[in-house]
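No experiment lies behind these values; they were computed from the predicted model shown.
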Amino acid sequence: MMRSYLFLFLFFTVHFVSAQKDEYSFSKISDSLKTNANSVIRNQKVDITILSQRKMNIKTLRVVTILNELGQNSINAEEHYNKATSLRNIEAVILDANGKEIKKIKQKDFKDVTAAGGSTLFSDSRYIYLDYTPIVYPFTVVYTSEVETSTTAFIPQWFPIDNYMCSVEKSTVNLVYPIELGFRKMELNFENYPIKKAQDIDGQLSYVMTNMPALKRESYSPSVLSIFPRVMMSLNKFHLEGVDGEASTWIEFGKWYSEKVLEGTTELPAETISAIKKLVGTEKDLVEKSKIVYNYVQQKSRYVSIQVGIGGWKPMLAKDVDRLGYGDCKALSNYTRALLKEVGVESYNTLLYGDRDKRNLEKDFVSMQGNHMILAIPHNNNYIWLECTSQDDPFGYQGIFTDDREVLVVKPTGGEIVRTQNYADKENIQFSKSNFELFADGSMTGKTEIESKGSQYARKVRLEKYVPLEIERYYKDYWSSIPNLNLLSTKFENDKKKIRSTENVSISSQGYGKLSGNSLIFNVNAFNMYQDNVRRVRGRKTPFEIDRGFSDYDETAISIPSGYTIEFLPTAIEIKGKFGTYKSEIIKTDNTNLVYKRSLLLNRGLYPKEEFDNYRQFLDDVARNDNAKIILTK
């Protein structure tokens with residue numbers, strides 16, 4: 001009997017250990033979760049315990065199987081810490097495809113770097129992450145961490161899905177909090193996702209997602225924030241950077257931030273005050289005074305990267321920025337505010353999400369939000385927006401990093417949600433006036449002048465900073481339809497007053513026209529041919545988004561070689577629809593000269609998935625007409 005008990009004990013022990021070893025084997029992932037996936041979240045569990053207004057503990061377990069190189073970004077084994085946030089534990093175990101342990105990584109083997117972008121001023125802000133290069137795919141990372149912080153202003157959002165092409169076996173968040181702190185939550189994009197609210201009572205909250213297949217990234221897919229589910233969480237009574245706070249409205253939040261965080265940060269040295277007042281002189285106009293101050297900041301300071309929420313929300317003192325000549329977005333915005341104040345111009349620090357993809361603050365949920373700061377100057381019942389981190393941006397210009405999004409303007413009287421400047425589709429203009437001469441051997445020479453405004457200015461103005469090799473590479477890509485392109489000359493002009501970029505480019509090409517017997521065939525649109533190939537998406541799952549529209553206007557004078565007559569000219573065309581307008585025509589001025597006119601307006605918007613084929617057809621029609629050819633006969 002004893003031997004029988006011993007046998008059973010050994011059997012179940014071996015079976016248990018074996019089960020533990022292969023719990024996360026690749027073979028146990030269902031086929032539905034492998035489809036379209038670069039990674040699979042096997043088990044993600046975040047336990048958030050808020051002990052008091054000044055103490056929060058966060059424990060994380062994250063088990064993710066990486067299927068290929070494109071899934072590497074899903075490892076997400078990382079933490080930020082500083083003087084307010086201590087790292088209690090961090091480690092990772094690497095498993096092979098069979099779920100067998102192949103490597104254990106302790107804290108000392110993680111990469112631990114400053115989060116201050118090279119600045120020693122903020123060396124207490126740290127970023128620790130797992131830097132693992134696999135030998136073979138698939139593999140699994142079992143990551144655990146624990147952090148403890150006095151900052152309760154930032155309760156981590158729950159993102160059960162990382163990104164497109166990532167499936168989920170199980171993702172859970174558990175939150176425990178004191179009810180007297182006034183807890184709030186906001187659920188976003190829950191529709192059509194397998195999410196269960198496991199618990200929601202006073203002091204406790206829990207969500208779980210199970211068996212969510214990967215969503216394939218499709219052409220023009222919206223950002224993950226507008227598609228994937230998440231939960232935002234916040235307290236009415238919180239703590240940040242050594243300061244207690246209480247706010248349930250944006251007005252209360254802005255007043256607290258102004259009084260408790262920004263107060264006392266704008267003091268400047270006497271000599272700097274004297275210098276800026278001398279520069280402004282007798283100027284009385286608010287805008288002109290602001291331009292002088294903005295130019296002064298651009299000439300004197302440079303930007304160093306310290307992210308909001310890592311480098312802290314309290315800007316470094318204006319007098320330190322003045323002394324050092326650098327700072328992050330908060331520091332430079334606050335420094336500019338201090339200088340403007342000395343010359344009688346009121347301005348406000350403004351919190352927002354800075355990104356090329358537009359992202360709003362969630363205006364219906366009061367909480368610490370944003371990753372960037374700019375400055376707002378009230379003017380004519382509106383605001384002039386200043387990007388204080390740039391040494392090049394024109395005064396008042398909002399490029400594609402901060403335009404057209406909801407932001408928080410922080411005033412002494414309270415916070416205000418405002419939308420930044422929206423460049424309408426028709427204001428994002430590119431206008432080209434060109435000419436080219438075609439020769440009997442098919443070669444051509446040409447010149448073009450291209451003016452760009454609005455968001456198109458932001459794309460083009462960088463060209464003046466390029467070295468010759470970069471310029472050549474840019475135009476050979478931009479005019480890829482011109483064979484054997486040779487740049488003869490380039491000249492760039494940046495008119496910051498009119499916020500207009502101008503390119504003057506001369507080119508030549510061998511083989512632009514194709515000889516076929518007695519015929520010479522060439523593209524009528526040499527300088528702005530639409531060539532993007534929008535792939536067909538069968539069974540599309542997501543809506544599609546054009547986040548910025550634009551307007552292009554082109555006029556090209558064409559000289560054809562003598563001894564040739566025109567056999568075929570493309571007919572004039574006009575296409576109008578929901579997505580935009582396209583027009584082109586060719587005017588024959590005499591036997592050897594033509595004028596080609598073309599315009600394209602693309603309308604921004606978020607469109608339902610059912611209309612994608614119509615959008616694709618619109619762009620196909622544009623590309624086909626842009627590729628129209630003229631046939632000459634000798």
Answer yes if the side chains of Y137 and E69 hold a donor-acceptor pair under 3.5 Å, and no otherwise.
no
Geometric class of the Y129/Y127 ring pair [parallel <30°, tilted 30-60°, perpendicular >60°]:
parallel
Return the minimal non-hydrogen interatomic distance between V64 and S74, and the atom names on each side.
CG1-O, 3.7 Å
If you apply the rule salt bridge (Lys or Arg N to Asp or Glu O under 4.0 Å), what do you find for D590 with K588, and how did you get there?
CA-CA 6 Å; D590 58 42; K588 182 179 178 182; over 6 Å; no
Side chain to side chain, S501 and E464, heavy atoms closer than 4.5 Å:
no
Can you find a pair of side-chain heavy atoms, one from I41 and one from M212, that are under 4.5 Å apart?
no
Straight-line distance of F612 CZ to S219 OG, nearest 0.5 Å
4.5 Å
Say you draw a straight line from CG of D554 to OG1 of T448; how long is it, rounded to the nearest 0.5 Å?
8.0 Å
Between I471 and L463, is a side chain to side chain contact (heavy atoms under 4.5 Å, CB included) present by the stated rule, with each step listed?
CA-CA 7 Å; I471 292 171; L463 288 170; 5.6 Å; no
Start with the C-alpha distance between K358 and D547, add both sets of side-chain angles, then the distance that settles salt bridge (Lys or Arg N to Asp or Glu O under 4.0 Å), and finish with yes or no.
CA-CA 7 Å; K358 297 175 186 178; D547 63 347; over 6 Å; no
Close side-chain approach of R548 to R604, heavy-atom, < 4.5 Å:
no
Side chain to side chain contact (heavy atoms under 4.5 Å, CB included), that's the test. Do E472 and T490 meet it? Break it down for me.
CA-CA 10 Å; E472 182 178 16; T490 58; over 6 Å; no
Is atom CG of N591 surrounded by more than 12 heavy atoms (other residues, nucleotides or ligands) closer than 6.0 Å?
no
Y553 and F431 aromatic centres sub-6.0 Å
no
Regarding E362 and R230, does a basic nitrogen lie under 4.0 Å from an acidic carboxylate oxygen?
yes
Looking just at side-chain N and O atoms, do T502 and E493 make a donor-acceptor pair shorter than 3.5 Å?
no
Aromatic Y478 / basic K460 pairing, under 6.0 angstrom, 45° off normal:
yes
Measure the CZ-CG distance between F522 and L520 for me, rounded to the nearest 0.5 Å.
7.0 Å
If you measure from CG on L600 to CD on Q430, what distance do you get to the nearest 0.5 Å?
10.5 Å
Under a plain distance cut-off of 3.5 Å, with no hydrogens placed, do R598 and N625 share a side-chain donor-acceptor pair?
no
Pair D626, Y582: side-chain N/O donor-acceptor within cut-off below 3.5 Å:
yes
Using a distance-only test with no angle check, is there a side-chain donor-acceptor pair under 3.5 angstrom linking Q617 and D621?
yes
In the structure I gave you, are the side-chain heavy atoms of E503 and E449 within less than 4.5 Å of one another anywhere?
no
Establish, from distance only, whether the side-chain atoms of D552 and N528 form a donor-acceptor pair under 3.5 Å.
yes
Verdict with supporting geometry, V418 and W385, side chain to side chain contact (heavy atoms under 4.5 Å, CB included):
CA-CA 11 Å; V418 177; W385 306 100; 3.9 Å; yes
Between T633 and N518, is any side-chain donor less than 3.5 angstrom from a side-chain acceptor?
no
I630 and I586, any side-chain heavy atoms less than 4.5 Å apart
yes
Check: V622 and L602 side chains under 4.5 Å, non-hydrogen atoms
no
Counting only N and O atoms by type, is there a donor-acceptor contact under 3.5 Å from the side chain of N189 to the main-chain atoms of F228?
yes
Side-chain (S333) to main-chain (M373) donor-acceptor, under 3.5 angstrom:
yes
Apply ring pair (Phe, Tyr, Trp, His ring centres under 6.0 Å) to the pair Y132 and F139, showing each step before the final yes or no.
CA-CA 11 Å; Y132 177 72; F139 69 96; 5.4 Å; yes
For the pair E406 (side chain) and I417 (backbone), establish whether a donor and an acceptor sit closer than 3.5 Å, ignoring hydrogens and angles.
no
Side-chain contact test, heavy atoms from C-beta onward, threshold under 4.5 Å: evaluate it for Y475 versus I507 and give yes or no.
no
Between the side chains of N382 and Q421, is a donor N or O closer than 3.5 angstrom to an acceptor N or O?
no
Scan side-chain atoms only and decide if Y220 and Y615 contain a donor-acceptor pair under the 3.5 Å cut-off.
yes
Side-chain (N428) to main-chain (S455) donor-acceptor, under 3.5 angstrom:
yes
Restricting to non-hydrogen atoms, name the atom on N603 and the atom on Y607 that form the minimum distance, rounded to 0.1 Å.
O-OH, 3.2 Å
Are F395 and Y397 close enough that their ring centers fall under 6.0 Å?
no
Flag, side chain of S506 to backbone of K447, donor-acceptor distance under 3.5 Å:
no
Do Y164 and N36 pair up side chain to side chain, a donor and an acceptor below 3.5 Å, judged on atom types alone?
no
K453 vs E451, test: salt bridge (Lys or Arg N to Asp or Glu O under 4.0 Å). Steps then yes/no.
CA-CA 7 Å; K453 299 179 181 180; E451 291 185 356; 5.2 Å; no
Please confirm whether the backbone N or O of V40 pairs with a side-chain atom of K34, one donor and one acceptor, at under 3.5 Å?
no
Kindly say whether I560 contributes a backbone atom to a donor-acceptor pair with the side chain of T592 at under 3.5 angstrom?
no
Distance (rounded to the nearest 0.5 Å) between W479 CH2 and L487 CG:
7.0 Å
Tell me if a side-chain donor or acceptor on S443 pairs with a main-chain N or O of F439 at a distance below 3.5 Å.
no
For a salt bridge (Lys or Arg N to Asp or Glu O under 4.0 Å) check, start with the C-alpha distance between E288 and K291, then their side-chain angles and the critical distance, and finish with the verdict.
CA-CA 5 Å; E288 293 304 316; K291 286 180 179 178; 3.6 Å; yes
Test item: S167 side-chain N/O and L33 main-chain N/O as donor-acceptor pair under 3.5 Å
yes
Of K578, R616, R540, which is the lone residue that meets side chain to side chain donor-acceptor pair (under 3.5 Å) with E611?
K578
Is the distance between the ring centroids of F436 and Y512 under 6.0 Å?
yes
Apply the test side chain to side chain contact (heavy atoms under 4.5 Å, CB included) to residues E470 and Y474: give CA-CA distance (whole Å), side-chain angles for both, the deciding distance (0.1 Å), then the verdict.
CA-CA 6 Å; E470 291 174 319; Y474 170 81; over 6 Å; no
Checking E387 against T389: is there a side-chain donor and acceptor pair closer than 3.5 Å?
yes
If you count the non-hydrogen atoms of other residues, nucleotides and ligands that lie under 6.0 Å from NZ in K216, is the total more than 12?
no
What are the two closest heavy atoms between F550 and Q456, and how far apart are they?
CB-NE2, 3.5 Å
Sub-3.5 Å donor-acceptor pair from the side chain of R459 to the main-chain atoms of I400, do we have one?
no
Working to the nearest 0.5 Å, report the span between CG of N614 and CZ of F579.
5.5 Å
Is any side-chain heavy atom of S452 closer than 4.5 Å to one of I450?
yes
